[in-house]
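We use all heavy atoms of the structure for the numbers below, so side chains are in, but hydrogens, waters and symmetry mates are not.
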Amino acid sequence: RGAFGGHASLNTSLEGYYAFDSDATDSTGTQNGTVSGATYGSSSGVISGGYSFDGDVNYIEIGRGTWAQTAASFSLWVKNNNADASVSVYMFSRNEGGDNAGDFSFIWWTNEKYNFYSQDGVGGDLDVDISADDAVTDTNWHHVVVTYDATSTIMYVDGSAQADVGAGIDIAAHANSYKMGIGQINGGDATVSGAGWDGFIDEVGIWNKKLSAQEVTDLYNSGSGLTY
């Protein structure tokens, strides 16, 4: 693999990248993942290997993270086993399961739309609650990105900006001791049976900056993904 195929700006402020080529190692060397139940397959990813999750309590824990700033981006490729979202399921999250400051969740909502929210812990208020414009009702690979700074939050699906809200997130101001989890509500601190991702996840990236539209387009790479 190369460093994003020569797209040098994607290496800037990269806090963690999980290519899942052979295991849950962080390609940046910062914070390796710990696998709990998720199954690795050498050809299960959008690029090479990836992990499958059973829709229950499988997850990959990647710690609390050091990226928590007023500008950050999350990118991942996901593929459903089930095109009917009868319950909301977690793709990538750090959530204590209540009204807690610092909670954030990347989910597939019961309306079959990708959703991202961040909570400030004050009376259940949300900093941001953003959903994609279009429902996803297939079992194909999709690239989902949320990128934000202090003034706006944008969600991209398959390279296209689907939603843009004029509100930023300041996760740095939030106190939350839970760990981040891929495929579940958190990194094993208090998993929720039946709320896990049912399908495949690959190429998870975390940046300590707001990605530009061009950088998201580069990552999507016409649906083929971009190797790190």
Side-chain angles (χ1 to χ4, degrees), residues 4 9-10 12-18 46 60 62 64-80 85 88-95 101-109 111-120 125-136 141-174 176 178 180-187 197 199 201-221 225-226 228:
F4 294 120
S9 68
L10 288 169
T12 303
S13 301
L14 181 65
E15 292 297 312
Y17 198 86
Y18 301 86
V46 68
I60 299 174
I62 57 173
R64 190 177 184 281
T66 59
W67 51 268
Q69 302 291 330
T70 56
S73 302
F74 309 112
S75 169
L76 62 161
W77 284 86
V78 294
K79 182 178 184 289
N80 297 338
S88 299
V89 292
Y90 291 83
M91 301 182 294
F92 178 60
S93 183
R94 188 184 74 200
N95 192 318
D103 284 358
F104 72 87
S105 294
F106 220 150
I107 64 177
W108 188 45
W109 202 240
N111 59 6
E112 283 91 28
K113 293 183 178 182
Y114 299 123
N115 175 271
F116 180 89
Y117 68 86
S118 172
Q119 192 157 294
D120 66 9
D125 291 341
L126 300 177
D127 287 337
V128 163
D129 186 4
I130 184 171
S131 288
D133 295 333
D134 302 319
V136 174
W141 280 104
H142 293 280
H143 183 224
V144 191
V145 177
V146 163
T147 182
Y148 67 85
D149 58 17
T151 59
S152 69
T153 304
I154 305 173
M155 176 181 287
Y156 296 85
V157 178
D158 295 337
S160 298
Q162 292 252 313
D164 185 347
V165 296
I169 304 172
D170 185 5
I171 294 178
H174 298 156
N176 185 310
Y178 273 37
M180 292 183 289
I182 298 170
Q184 247 290 344
I185 190 170
N186 51 55
W197 182 250
I201 297 178
D202 194 20
E203 306 293 327
V204 179
I206 305 169
W207 284 262
N208 209 11
K209 68 174 183 177
K210 185 177 183 180
L211 293 175
S212 69
Q214 184 59 56
E215 288 171 324
V216 174
T217 297
D218 293 340
L219 283 171
Y220 179 59
N221 194 22
L226 194 64
Y228 177 85

Only one of V204, I182, I201 passes side chain to side chain contact (heavy atoms under 4.5 Å, CB included) with I60, and that residue is I182
How long is the span from the OG1 atom in T153 to the CG atom in D149, to the nearest 0.5 Å? 7.5 Å
Could you work out, with side chain to side chain contact (heavy atoms under 4.5 Å, CB included) as the rule, every residue matching S9, not counting sequence neighbours? K209, E215
Are F92 and Y18 an aromatic pair, judged by ring center distance below 6.0 Å? no
Nearest heavy-atom pair of I62 and I206: which atoms, and what distance? CD1-CD1, 4.0 Å
Non-neighbouring partners of D134 that pass side chain to side chain contact (heavy atoms under 4.5 Å, CB included), sequence neighbours left out: Q162
Side chains of I130 and Y148, heavy atoms from C-beta outward: is any pair under 4.5 Å? no
Is there side-chain contact between V136 and Y114, with at least one heavy-atom pair below 4.5 Å? yes
Salt bridge (charged side-chain N to carboxylate O under 4.0 Å, His left out) partners for K79, two or more places apart: none
Counting C-beta onward and ignoring hydrogens, is there a side-chain heavy-atom pair between V144 and F74 closer than 4.5 Å? no
Residue list, ring-ring contact (aromatic ring centres under 6.0 Å, His included) with F106, at least two apart or on another chain: F116
Partner set under side chain to side chain contact (heavy atoms under 4.5 Å, CB included) for A161, not counting sequence neighbours: I154, Y156
Out of curiosity, N208 CG to T12 OG1, how far, rounded to the nearest 0.5 Å? 11.5 Å
Once side-chain hydrogen bond (donor to acceptor under 3.5 Å, both in side chains) is applied, do any residues pair with D158, and if so which ones, sequence neighbours excluded? H142
By side-chain hydrogen bond (donor to acceptor under 3.5 Å, both in side chains) - contacts of K113 (at least two apart): none
Those residues that, when tested against S75, pass side chain to side chain contact (heavy atoms under 4.5 Å, CB included) (two or more places apart): H143, V145, W207, L219
Can you tell me how far OG1 of T217 sits from CG of L226, rounded to the nearest 0.5 angstrom? 11.5 Å
Mind checking the CD-OG spacing from Q184 to S105? Nearest 0.5 Å is all I need. 10.5 Å
Indicate the atoms forming the closest heavy-atom contact of W77 with E203, along with that distance. CD1-CB, 3.7 Å
How long is the span from the CG atom in L10 to the OH atom in Y228, to the nearest 0.5 Å? 10.5 Å
Without swapping roles, check the side chain of D202 against the backbone of V46 for a donor-acceptor pair under 3.5 Å. yes
With sequence neighbours excluded, tell me which residues meet side-chain hydrogen bond (donor to acceptor under 3.5 Å, both in side chains) with N115. D129, S131
